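Below is one structure. I have some questions about it.
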Number of protein chains: 2
Amino acid sequence: MRISELAERSGTSPATIKFYVREGLLPPAAKTGYNQVSYGEEHVRRLHLVRALVDVGGLPISRVRAVVAAVDDPQVPLTEVMGVAQHALPGREASSPPSDPSRAAVLDLVAAQGWAVHDGNPGLAQVAAVLDTWVAMGRKDLFDGLPHYARAAEAVARTDLALVWPDAADRDRSAETVVVGTVLGDVLVAGLRRIAQEHVARTTSHSHSHSTEEPS
Amino acid sequence: MRISELAERSGTSPATIKFYVREGLLPPAAKTGYNQVSYGEEHVRRLHLVRALVDVGGLPISRVRAVVAAVDDPQVPLTEVMGVAQHALPGREASSPPSDPSRAAVLDLVAAQGWAVHDGNPGLAQVAAVLDTWVAMGRKDLFDGLPHYARAAEAVARTDLALVWPDAADRDRSAETVVVGTVLGDVLVAGLRRIAQEHVARTTSHSHSHSTEEPS
DNA sequence: ACGACATGGATAGTGCCACTGTCGATAGTT
DNA sequence: AACTATCGACAGTGGCACTATCCATGTCGT
């Protein structure tokens, strides 16, 4: 197929497709002649993947490049693909590294949850940065809620993984699933959180009741 | 205090502070003379708030302006402040509106959870957009996991609200808490999700595992 | 009191990013 | 043969978040 057809089927302009090929987000098409090329189904898929990461996930082009490189390399195991996707997310590369107290609080939380994770997990720095910001705003009570958030996060992660493993036999398909799931999952959970927030706010008696009730 | 002191205490350059005042993110300082002004503690607080929204939350300046306007207006009730904050989040303003099937799926989910929400809740469109993207990638099995995600989201929302209501007597403070909590909460949950993902991936005995390598 | 230095306010400029437009040579289409 | 589409290279655009420059006016140390 030629570029205009690919453009139609993917909803992306020919100019942008050329741009993506230049940037290494999309593999070059097979040459069928001196000056002609042919795009295939894999380009349609890849384009959908790229648009999902850019439009929905908000990833910058440079991160997308790193992600697709990992997806395309059969040497890279699935778990590492997930790590690459996690690092690619716009997870606030700290202008200043998180403070020691916040890092410690995060490690405490991780230990309390019985979690075992690598030291370079981007979530660690990200959570610590949030805690730093919170205390900079003059608040401290976030720490009380952390275990609740952690339990919810674990439930989310279990669901994430359950959606991935069924495909695990097909490495390429799984790699895409992991990447899309990692990126879209954040947006999905954030959206559901907004809905749930409104529901809870409506159905909570606003009598300043310190509803310290345990979320199930 | 003068601008240079405010700059030091907030970690923001004088040039940026001037910019924020021009953009309406920061109220003008009180004039103490023909050509001199005096910044107060409220400017320090506001600057921390703005930086939190911009740096951690990734909000564009225009959205921050809308948010602080709602925070500053005593007429605006807390629930509406939360709505403004939700709308301000970079929640993927759809290039194309979500498809009918996805919207229906979201409404089904909401009904199944027993949630009652406003039709314009930004989470509805956001979740529908994620579903659209998912099916565009050729997958359908996300729908099975939705109730799990929804339950986790509700747990998160309950914790969110529990952190806010204790302050509800002080409307201004609560407004800030709501805004910061709404924005930082997304980042917090996303970070915890990354940690939990690694933990779950490590501790799940998955027969299809090709590697027990950890994410880099 | 006086001079070096900082401040406030206005305006123009910078750097980055994600595209988008233009061009000339060539290929397919009728 | 006429006409449109395509390829590839490269320059240009528009949006955004600052940042630099000016200069008339203040403030501070001695």
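All of these numbers come straight from a predicted model, not from anything done at the bench. Here is the naming used below: chain letters follow the sequence lines, and residue numbers restart at 1 for every chain.
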Can you check whether A129(B)'s main-chain N or O pairs, donor with acceptor, with T133(B)'s side chain at less than 3.5 Å?
->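 It does hold such a pair.
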
Is the backbone N or O of P27(A) less than 3.5 Å from a side-chain atom of H43(A), with the two atoms forming a donor-acceptor pair by type?
->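 Answer holds: yes.
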
Nucleotide range of DNA chain D contacted by chain A, 5' to 3', under 4.0 Å to a heavy atom?
-> dT6(D) to dC10(D)

Quick one: list whatever passes side-chain hydrogen bond (donor to acceptor under 3.5 Å, both in side chains) with R65(A), sequence neighbours left out.
->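 Once residues adjacent in sequence are excluded, the partners of R65(A) under the side-chain hydrogen bond (donor to acceptor under 3.5 Å, both in side chains) criterion are E23(A).
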
Backbone N/O of G123(A) and side chain of R194(B): donor-acceptor pair under 3.5 Å |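 Not at all, since once roles are kept as given, no pair shorter than 3.5 Å links the two residues.
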
Comparing K31(A) and Q36(B) on DNA chain D - which has the more 5′ nearest nucleotide | K31(A)

Measure from the side-chain N and O atoms of H48(A) to the backbone N and O of R45(A), and report whether any donor-acceptor pair falls under 3.5 Å.
-> no

Flag, side chain of R171(B) to backbone of V76(B), donor-acceptor distance under 3.5 Å =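 Yes, R171(B) side chain to V76(B) backbone: donor-acceptor pair under 3.5 Å.
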
Look only at the side chain of E198(B) and the backbone of H118(A), and say whether a donor-acceptor pair between them is shorter than 3.5 Å.
->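 Such a contact is found between E198(B) side chain and H118(A) backbone.
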
Nearest-nucleotide wise, let me know which of R51(A) and R2(A) is further upstream toward the 5' end of DNA chain C.
->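 Nearer the 5' end of the strand: R51(A).
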
The first and last nucleotides of DNA chain C lying within contact of chain B, meaning any atom under 4.0 Å from one of its heavy atoms, run from dT7(C) to dT11(C)

Give S4(A) one of three labels, base, sugar-phosphate or nothing, depending on what nucleic acid heavy atoms sit under 4.0 Å from its own.
-> sugar-phosphate

Any donor-acceptor N/O pair, R193(A) side chain to T182(B) backbone, under 3.5 Å |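 It does hold such a pair.
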
Name every residue in residues 17-29 of chain A that has at least one heavy atom under 4.0 Å from any atom of DNA chain D, in order of residue number, or write none if there are no such residues.
->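 Heavy-atom cutoff 4.0 Å gives K18(A), R22(A).
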
Base, sugar-phosphate, or nothing: which does P60(B) touch, judged by heavy atoms less than 4.0 Å apart?
-> sugar-phosphate

On a heavy-atom basis, the closest approach of W115(A) and A150(A) is CZ2-O, 3.5 Å

Give a yes or no on whether the backbone of A190(A) and the side-chain of D186(B) come within a donor-acceptor separation of less than 3.5 Å.
-> no

To the nearest 0.5 Å, what is the distance between CG (D132(B)) and CZ (R103(B))?
-> 10.5 Å

List in chain and number order the residues that pass side-chain hydrogen bond (donor to acceptor under 3.5 Å, both in side chains) with R51(A), two or more places apart in sequence or in another chain; answer none if no residue qualifies.
-> Y20(A), D55(A)

Rounded to 10 degrees, the angle between the two terminal axes of the helix from dA1(C)-dT30(D) to dT30(C)-dA1(D), each from five pairs =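 Angle reported: 10°, given to the nearest ten degrees.
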
Any donor-acceptor pair under 3.5 Å from S102(A) side chain to P98(A) backbone =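 Such a contact is absent between S102(A) side chain and P98(A) backbone.
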
